[in-house]
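Written out below as structure tokens is the structure these notes cover.
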There are 2 protein chains.
Amino acid sequence: MTAPTAPDRLLSVLAAFDHEHPALSLTDISRRAGLSLTTAHRLVGALTRWGALERDGSGVYHVGLRLWEVAALAPRGLALRQVALPYLEDLYEATHENVQLAVRDGGEVVYIEWLSGRSAVGVHIRVGARWPLHATGVGLALLAHSAPETQEEYCAAPLASFTPYTITDPERLRRVLADVRRTGVAVSDRQVTEDALSVAAPIRGRDGSVTAAVSVVVPQACTQVPVLVPAVRLAARGISRALGWQPETAERPGP
Amino acid sequence: MTAPTAPDRLLSVLAAFDHEHPALSLTDISRRAGLSLTTAHRLVGALTRWGALERDGSGVYHVGLRLWEVAALAPRGLALRQVALPYLEDLYEATHENVQLAVRDGGEVVYIEWLSGRSAVGVHIRVGARWPLHATGVGLALLAHSAPETQEEYCAAPLASFTPYTITDPERLRRVLADVRRTGVAVSDRQVTEDALSVAAPIRGRDGSVTAAVSVVVPQACTQVPVLVPAVRLAARGISRALGWQPETAERPGP
């Protein structure tokens, strides 16, 4: 184990902030980043001067606007979301259900956008939230189109269970992934919570590779899967085209 | 002038990325950050391992997903935008015009959200873009409700001109700001481009202070100002309430 470098220490200050801890005192930061109070004070000072952190009236630190401005350039973050938003809005208008946009990071999906009506109830996932691939519709769509070795590695590792319906058998997961590739849609039926179902479709980038996924989450009691499939596929194709994807004549959905 | 500290050097790598330069080679980064190639290599390596940067197949660096996830916690960035989005969507549905959400950073507005139909033409401002306060509707709304000394300082400095209609006379700007406070809306009529007009209203936070502004931008030829005013004010009040603002009985719009 090597001592943390100066860049590592600075990044550990940023990493101290997460959804459970969006506002931290200097003491909190020092403790969560594993830094002495003196070092934390110096690094927080530099980050605040630059605008990566902001200090409010009560002396508590928040993530700052300048960091947000730089992060807005992330091609897999806000940039993707800017291209996708009109299509997500159309999908929301067509279904009036929760609409999500997600990308894969290792074995997890990261939600880039989440549209829900003000009165929408049920599942609440924050933008920036993470979830294991095999449980969610977007995760299955992303995993099914990842490199074969990535899929095999994922299937071989333990599969966390969230409800009695979560896929935990690697053989069954392999069959589901093959179905997703064949049909062009992924369905997560009560695999995250027992009252929700999601229908997802993969989004392709300019080079044809799957870079993101879009889904609709509905109360499971609705069981409108056949109705939702064309809408979700259409939204995914629209976003793919906007990203520069050109459908090949060979590309054809399954029966 | 003191030598840059380790944190400053790391942050200068992040600052090398902007809207004109969202993708940079190591050489670009070293040049734009004013660092030796060796130092740039070391810092880019640390940022890439952490996930603040991502290297694509061609060796070019982009802002990474992990930075986006941390930045999503910024109360004045994505967090504000999450609360505001349903109201912005309603405003878009009601008007079918470009809808913006912005905050103030020093003498500039920073656009946090920008909704426009896929077919919308005309003004194109990116999320994260900046603009001087006195030219835009949102900027006038934010400046009018900033501290008196902030306003005085802004009025006393040179006022950049973008069209023949941009306010460049400090006396006139002071009168316009007083009008904004009296009426509760700010209008920028051809002050940014000669074909566009915007109507903005201030958004208040829990403590009653103005923290953001919302606006609608329309082609100037439409001149629908009186029609737009109630819609924009309604959206601003809806977002303010969602942020925890409680209207005081004393608060009353002007005649």
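Treat the numbers as computed from the prediction; the structure is a model and nothing was measured. Below, chain A is the first sequence line, B the second, and so on; all start at residue 1.
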Could you pull out the closest heavy-atom pair between B:Ala6 and A:Ala6, with the gap in Å?
->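 Heavy-atom minimum between the residues: CB-CB, 3.9 Å.
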Closest non-hydrogen atom pair, B:Val63 against A:Ala71 = CG1-CA, 3.9 Å
Need one label for [X]: side chain, backbone, both or neither, based on atoms under 4.5 Å from any heavy atom in chain A.
X	result
B:Arg9	neither
B:Val13	neither
B:Leu85	side chain

Report yes if the side chains of B:Leu73 and A:His19 come closer than 4.5 Å at any heavy-atom pair, otherwise no.
->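 Counting from C-beta outward, B:Leu73 and A:His19 do come under 4.5 Å.
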How long is the gap from [atom1] on [X] to [atom2] on [Y], to the nearest 0.5 Å?
X	Y	atom1	atom2	result
A:Ile112	B:Leu65	CD1	CG	5.0 Å
A:Arg66	B:Leu14	CZ	CG	9.0 Å
B:Glu93	A:Glu93	CD	CD	4.5 Å

Can you say whether A:Leu10 sits under 4.5 Å from chain B via the side chain, the backbone, both, or neither, judging by heavy atoms?
-> side chain
Checking A:Ala23 against chain B: side chain, backbone, both or neither under 4.5 Å from a heavy atom?
->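 It is neither, since no heavy atom gets under 4.5 Å.
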Best-contacting candidate, A:Val103, A:Asp105, A:Leu43, A:Asp18, against chain B by heavy atom pairs under 4.5 angstrom | A:Asp18
